[in-house]
Amino acid sequence: MSEIILEGTATPDQTLTYLHVPFEVPGGITQIAVRYEYDNVIGSDPQLTDGNTVDIGIFDTRGIDFLSEGFRGWSGSARQGFSIGLTEATPGYMQGPIQAGTWHICLGLYKVADSNCHYKITIELTHAETTATSTFPALLPLSSQARLDKRQASGWYKGEMHCHTYHSDGDSDPLDVIRKAESLGLDFLAITDHNVLTQQIKMRTADTSLILIPGMEVTTYKGHWNVWGDKGWIDFRVCQESDMRRSVAEAQQRGYVVSCNHPKPYGPEWSYKAVDDFHCVEVWNGPWEIFNPRALEFWEAHLRQRKRYTAVGGSDSHFHQRDHIAQLAHPTLWIYCEGDPSAAKLLDAIRAGHVFISEAPTGPQIYLQAGDYMMGDVIPEQSAPLAVKIRVVDAVGDTLEVCGSDGIIHSLDLDSADWETTLEVDTHATRYIRAQIIDYTDTHHKIRALTNPIYL
């Protein structure tokens, strides 16, 4: 075993940038173990200041260029160390070949105090006594196989599209999260750990009734976004608008479904307003009252600009072993998928906007339809008023609001467990129509469910 020590100092002007520290790996290495330390440590909570928060990851010999293939793992500031071996690695890091040549430690300088940040990286290289080879493990594919066992006569499926495990900064194994999702009666699940894909190694081996959807949360210092699909790692090292534009464009080109996550205070907010080439906006992240009205405003502002983004929601749950304010499937995403469902078809349905969001797996359901058109669809121009059918389940005592591009069109009290009405809408007075259920007895006027629009 041999040891390498790398030391340096980061300055405040390097805040929110990435520092790549090179080191040499000789031939015949079977494991790289890394630990790091730095002074004046504070937590990653954006409200904590006057200290240092340094994230860490690693790139192999294939390079550190933006969108390069050299990425081998990331743990943010959640771990003090990690290891990569031929056949196993710390969660969040990709096991596999250890090539001889120049590797790089990547330090994400999230917060750097005015007094600077001194860091020390210790790397231990384990030498092989015999030559060994390995390959990268397979990840969860985006399956197009029809799941006849999951088919619902209604065509509606409920699940979770945004949660985390200990492959980033959560507390649970992916298989434990899968078991929990099963216990909640969900139909589908995506685990979107920060900047990594290694959770998908375990997901691929799971024996489960769930429809599993591969994904990742691209976690930049200027905004977070989910990618759903199986098209490889997407670079998060965004330092300027052109980087964000390039990264989002790469995800789109590969065929990912892209979601702008929690654009609200402490989300963090989406910093590059000119970069808006995504399919979805996460208008509901965790408990409704935690700044989600701001995310809803962000989405509606874009709707008024005639941009058609699917509204989605996700719990963003990290902690599944203890009580926490963010609980799995709170909120729950409901997706309409015609015929036999599959992971690929569910993503197609999200693209189409055939989605509503409810506060929980057992929360209110809300269905919006106009003739043969449903939420997410575009109705051709017509001169007559439009008949819109709305059905609400399990929201007795709440208020239904029907909204257009200029605000609330109708407000109606819900007085039965399975409530239904048909309203006439002037198609010349609004560019879209959507609906939401509100509990006005709650001090936050909490939304309990909301639909995507029918576009006029």
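Only this structure's heavy atoms are used, side chains among them; waters, hydrogens and symmetry mates stay out.
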If you draw a 6.0 Å radius around [atom1] in [X], do more than 12 non-hydrogen atoms from other residues or ligands fall strictly inside?
X: Glu338; atom1: CD; answer: no
X: Gln240; atom1: CD; answer: yes
X: Ile325; atom1: CD1; answer: no
X: Asp13; atom1: CG; answer: yes
X: Gln145; atom1: CD; answer: no
X: Glu3; atom1: CD; answer: yes
X: Asp50; atom1: CG; answer: no

Sole residue of Met94, Arg72, Glu69 in side chain to side chain contact (heavy atoms under 4.5 Å, CB included) with Asp60: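 One option only clears the test, and that one is Arg72.
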Candidates Val54, Leu19, Asn52 - the one meeting side chain to side chain contact (heavy atoms under 4.5 Å, CB included) with Tyr119: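 Of the listed residues Val54, Leu19, Asn52, the side chain to side chain contact (heavy atoms under 4.5 Å, CB included) partner of Tyr119 is Leu19.
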Is the backbone N or O of [Y] less than 3.5 Å from a side-chain atom of [X], with the two atoms forming a donor-acceptor pair by type?
X: Asp235; Y: Leu67; answer: yes
X: Arg434; Y: Met375; answer: no
X: Asp316; Y: Asn285; answer: no
X: His330; Y: Ser315; answer: no
X: His320; Y: His164; answer: yes
X: Ser405; Y: Arg304; answer: no
X: Thr219; Y: Glu217; answer: yes
X: Gln99; Y: Val25; answer: no
X: Glu300; Y: Glu297; answer: no
X: Trp225; Y: Val248; answer: no

Taking all atoms of both residues into account, what is the closest heavy-atom pair of [X] and [Y], and its distance?
X: Asp45; Y: Lys111; result: O-NZ, 2.6 Å
X: Pro12; Y: Val112; result: N-CG1, 3.6 Å
X: Tyr166; Y: Pro174; result: CE1-CD, 4.5 Å
X: His118; Y: Gly8; result: ND1-O, 3.1 Å
X: Lys231; Y: Tyr256; result: N-OH, 3.1 Å
X: Cys280; Y: Trp228; result: SG-CZ3, 4.2 Å

Side-chain donor-acceptor pair present, [X], [Y], cut-off under 3.5 Å:
X: Asn452; Y: His354; value: no
X: Tyr93; Y: Ser75; value: yes
X: Asp193; Y: Ser168; value: yes
X: Ser317; Y: His324; value: no
X: Glu282; Y: Asn226; value: no

Less than 4.5 Å apart, side chain to side chain, heavy atoms only: is that true for [X] and [Y]?
X: His20; Y: Cys106; value: yes
X: Leu189; Y: Thr208; value: no
X: Glu269; Y: Pro265; value: yes
X: Asn292; Y: Lys264; value: yes
X: Glu401; Y: Tyr440; value: yes
X: Met216; Y: Trp233; value: yes
X: Pro26; Y: His127; value: yes
X: Val257; Y: Val227; value: no

Phe236 and Trp74 aromatic ring geometry - parallel, tilted or perpendicular at 30°/60° bounds: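 Because their plane-to-plane angle lies in the 30° to 60° range, the rings of Trp74 and Phe236 count as tilted.
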Do the rings of His194 and His224 sit parallel, tilted or perpendicular, given the 30° and 60° boundaries?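 Ring orientation, 0 to 90° scale: perpendicular.
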How long is the straight-line distance from [atom2] of [Y] back to [atom1] of [X], given to the nearest 0.5 Å?
X: Met244; Y: Ser271; atom1: CE; atom2: OG; value: 7.0 Å
X: Ile211; Y: Ser342; atom1: CD1; atom2: OG; value: 7.0 Å
X: Phe23; Y: Ile123; atom1: CZ; atom2: CD1; value: 4.0 Å
X: Trp299; Y: Leu450; atom1: CH2; atom2: CG; value: 6.5 Å
X: Lys202; Y: Thr165; atom1: NZ; atom2: OG1; value: 9.0 Å
X: Trp334; Y: Ser358; atom1: CH2; atom2: OG; value: 7.5 Å

Evaluation steps, side chain to side chain contact (heavy atoms under 4.5 Å, CB included), between Asp176 and Gln321: CA-CA 9 Å; Asp176 293 332; Gln321 305 295 331; 4.1 Å; yes
Cation-aromatic face contact Arg79/Phe82, 6.0 Å, 45 degrees: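 No - Arg79 does not lie over the ring of Phe82 by the 6.0 Å and 45° rule.
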Taking the six-membered ring of Tyr455 as reference, does the cationic atom of Arg308 (NZ for Lys, CZ for Arg) lie under 6.0 Å from its centre and within 45° of its axis?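 Satisfied, under 6.0 Å and within 45°.
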Centroid separation under 6.0 Å, is that true for the rings of Phe66 and Tyr18?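 Judged by ring-centre distance (under 6.0 Å), Tyr18 and Phe66 do not meet the cut-off.
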Taking the six-membered ring for Trp, are Phe278 and Tyr309 ring centroids under 6.0 Å apart?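 They qualify: ring centres under 6.0 Å apart.
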Given Glu250 and Arg254, is the salt bridge (Lys or Arg N to Asp or Glu O under 4.0 Å) satisfied, shown in steps? CA-CA 6 Å; Glu250 178 69 19; Arg254 293 187 194 178; 2.8 Å; yes
Between Glu241 and Lys222, does any NZ, NE, NH1 or NH2 come within less than 4.0 Å of an OD or OE carboxylate oxygen?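 Salt bridge flag = no for Glu241 with Lys222.
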Test log, rule salt bridge (Lys or Arg N to Asp or Glu O under 4.0 Å), inputs Glu160 and Lys180: CA-CA 11 Å; Glu160 168 73 80; Lys180 188 166 186 177; over 6 Å; no
Could you walk me through whether Ile335 and Ile350 pass the side chain to side chain contact (heavy atoms under 4.5 Å, CB included) check? CA-CA 7 Å; Ile335 302 174; Ile350 290 177; 3.6 Å; yes
Among Lys150, Lys158, Arg151, exactly one meets salt bridge (Lys or Arg N to Asp or Glu O under 4.0 Å) together with Asp187. Which residue is that?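 Exactly one pass, corresponding to Lys150.
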